[in-house]
Protein chains: 2
Amino acid sequence: MTRPIYQVKADFFKTLAHPARIRVLELLRDGERSVGELIPEVGLEASHLSQQLGILRRANVLQGRKEGSTVRYSVTDPRIFELLEVAKAILTSTLAESRQLLVELESLEFVERPDPPPRRKAAR
Amino acid sequence: MTRPIYQVKADFFKTLAHPARIRVLELLRDGERSVGELIPEVGLEASHLSQQLGILRRANVLQGRKEGSTVRYSVTDPRIFELLEVAKAILTSTLAESRQLLVELESLEFVERPDPPPRRKAAR
DNA sequence: CGGCTGCATGAAGGAGACATCAAATCACCA
DNA sequence: TGGTGATTTGATGTCTCCTTCATGCAGCCG
């Protein structure tokens with residue numbers, strides 16, 4: 001094995017860590033899409049979208065199929081959707097809790113704390 | 001809703017997109033750990049690890065519990081492990097396919113392609 | 001009290017990711 | 001064959017993240 005597992009996993013999550021790439025994946029949930037179709041739906045200019053698609057393609061998350069002068073993309077492994085579902089479930093409950101916490105906080109008085117003394121600049 | 005869903009999801013994946021943070025999560029799979037216990041297992045210096053823990057904590061992935069002079073961390077939502085499992089499954093099969101492809105490529109002759117002409121520098 | 005241990009935070013430089021424009025490539029058609 | 005539309009690639013400025021050092025701070029113990 002060239003790279004440790006946790007490094008590979010981290011890289012994998014990194015390829016997913018971009019709003020446009022997430023959108024693309026969610027759009028591909030209901031089937032193949034050409035780049036031209038994705039452009040208006042994702043809202044990026046062609047070259048920018050192509051870069052993002054390239055990142056997903058090089059990570060083997062997406063695959064492109066050439067059809068005439070267009071390229072149609074689809075997901076390599078449908079389990080990616082399962083991943084998105086689990087993420088969504090986690091986020092939904094986590095956010096619900098945070099919101100709840102916020103409500104509770106707003107019902108409390110603010111307690112003023114004195115300003116901390118200024119920090120000395122690090123001499124390097 | 002302040003931010004679109006795909007932005008929230010992307011941020012979530014971003015908090016996971018670091019090898020040390022993945023390691024921490026995998027270690028917390030079998031229960032609570034103090035920072036001091038994590039240091040040798042993750043292999044980061046204290047302050048660096050603390051920064052990474054802070055990122056996970058602020059994202060509500062981890063929670064810290066103060067016990068005397070130490071802090072014990074645990075995962076907020078156990079479904080995070082499910083997420084890691086799905087990711088692992090995807091990576092395992094994807095990597096297996098890539099390896100297979102590599103083997104096939106190595107059995108082919110290389111076809112030399114002429115160097116492309118130099119690109120003109122963009123004048124901006 | 002005073003120092004130590006355990007952890008968190010702030011600041012700063014360097015590395016890497018993003019966004020954007022220009023240019024290249026390929027398929028198709030007039 | 002030249003032109004046009006669709007997509008990709010390359011180059012580059014900007015911005016964000018990562019890492020490290022210095023410091024802050026709370027609890028514990030002598």
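Note that the structure is predicted; figures quoted are calculated from it, not measured.
Of the listed residues (A:Gln51, A:Glu45, A:Gln52), just one forms a side-chain hydrogen bond (donor to acceptor under 3.5 Å, both in side chains) with A:His48, and that residue is A:Gln52.
Listed for the B:Arg23 side chain is a donor-acceptor partner under 3.5 Å among the backbone atoms of B:Glu41. Checking side-chain atoms of A:Thr70 against main-chain N and O of A:Ser34 turns up no donor-acceptor pair under 3.5 Å.
Between the CD1 atom of A:Ile55 and the P atom of C:dG16 there is a distance of 15 Å, rounded to whole Å. At whole-Å resolution of the value, CG in B:Leu53 and P in C:dG6 are 16 Å apart. Rounded to a whole Å, the CD atom of A:Glu45 is 17 Å from the P atom of D:dG5. Atom P of nucleotide C:dG13 and atom NE2 of B:His48 are separated by 18 Å, given to the nearest angstrom. The distance between atom CZ of B:Arg65 and atom C1' of C:dA8, rounded to the nearest whole Å, is 18 Å. The distance between atom NZ of A:Lys14 and atom P of D:dT16, rounded to the nearest whole Å, is 17 Å. Between the P atom of D:dT7 and the CD atom of A:Gln52 lies a distance of 16 Å, rounded to the nearest Å. Rounded to whole Å, the distance from CG on A:Leu49 to C1' on D:dT7 is 10 Å.
Within the cation-pi definition used here (under 6.0 Å to the ring centroid, within 45° of the axis), B:Arg33 does not qualify as a partner of B:Tyr73.
B:Arg72 comes within 4.0 angstrom of no nucleic acid atom, judged by non-hydrogen atoms across all strands. Nucleic acid contact for A:Ala46: base, since at least one base atom lies under 4.0 Å from a heavy atom of the residue. Within 4.0 Å (heavy atoms only), B:Thr70 reaches sugar-phosphate atoms of the nucleic acid but no base atom.
Counting atom types as modelled, A:Gln51 pairs no side-chain N or O with a base atom of D:dT7 as donor and acceptor under 3.5 Å.
For B:Ser69, no side-chain nitrogen or oxygen approaches OP1 or OP2 of D:dG27 to under 4.0 Å. Here A:Arg57 does not reach the OP1 or OP2 of D:dT7: none of its side-chain N or O atoms lies under 4.0 Å away. Contact between the side-chain N/O atoms of A:Tyr73 and the OP1/OP2 oxygens of D:dA6 is not found at any separation under 4.0 Å. In this model, the phosphate group of D:dT19 is approached by a side-chain N or O of B:His18 to a distance below 4.0 Å at OP1 or OP2.
Nearest-nucleotide positions on DNA chain C for A:Leu44 and A:Lys66 put A:Leu44 closer to the 5' end. Both A:Ala17 and B:Arg58 lie near DNA chain C, and the one whose nearest nucleotide falls closer to the 5' end is B:Arg58.
Here C:dA8 is the nucleotide among C:dA8, D:dT20, C:dT20 with the atom lying nearest to any side-chain atom of B:Val35.
A donor atom on one side chain and an acceptor atom on the other are found under 3.5 Å apart for B:Ser93 and A:Arg79.
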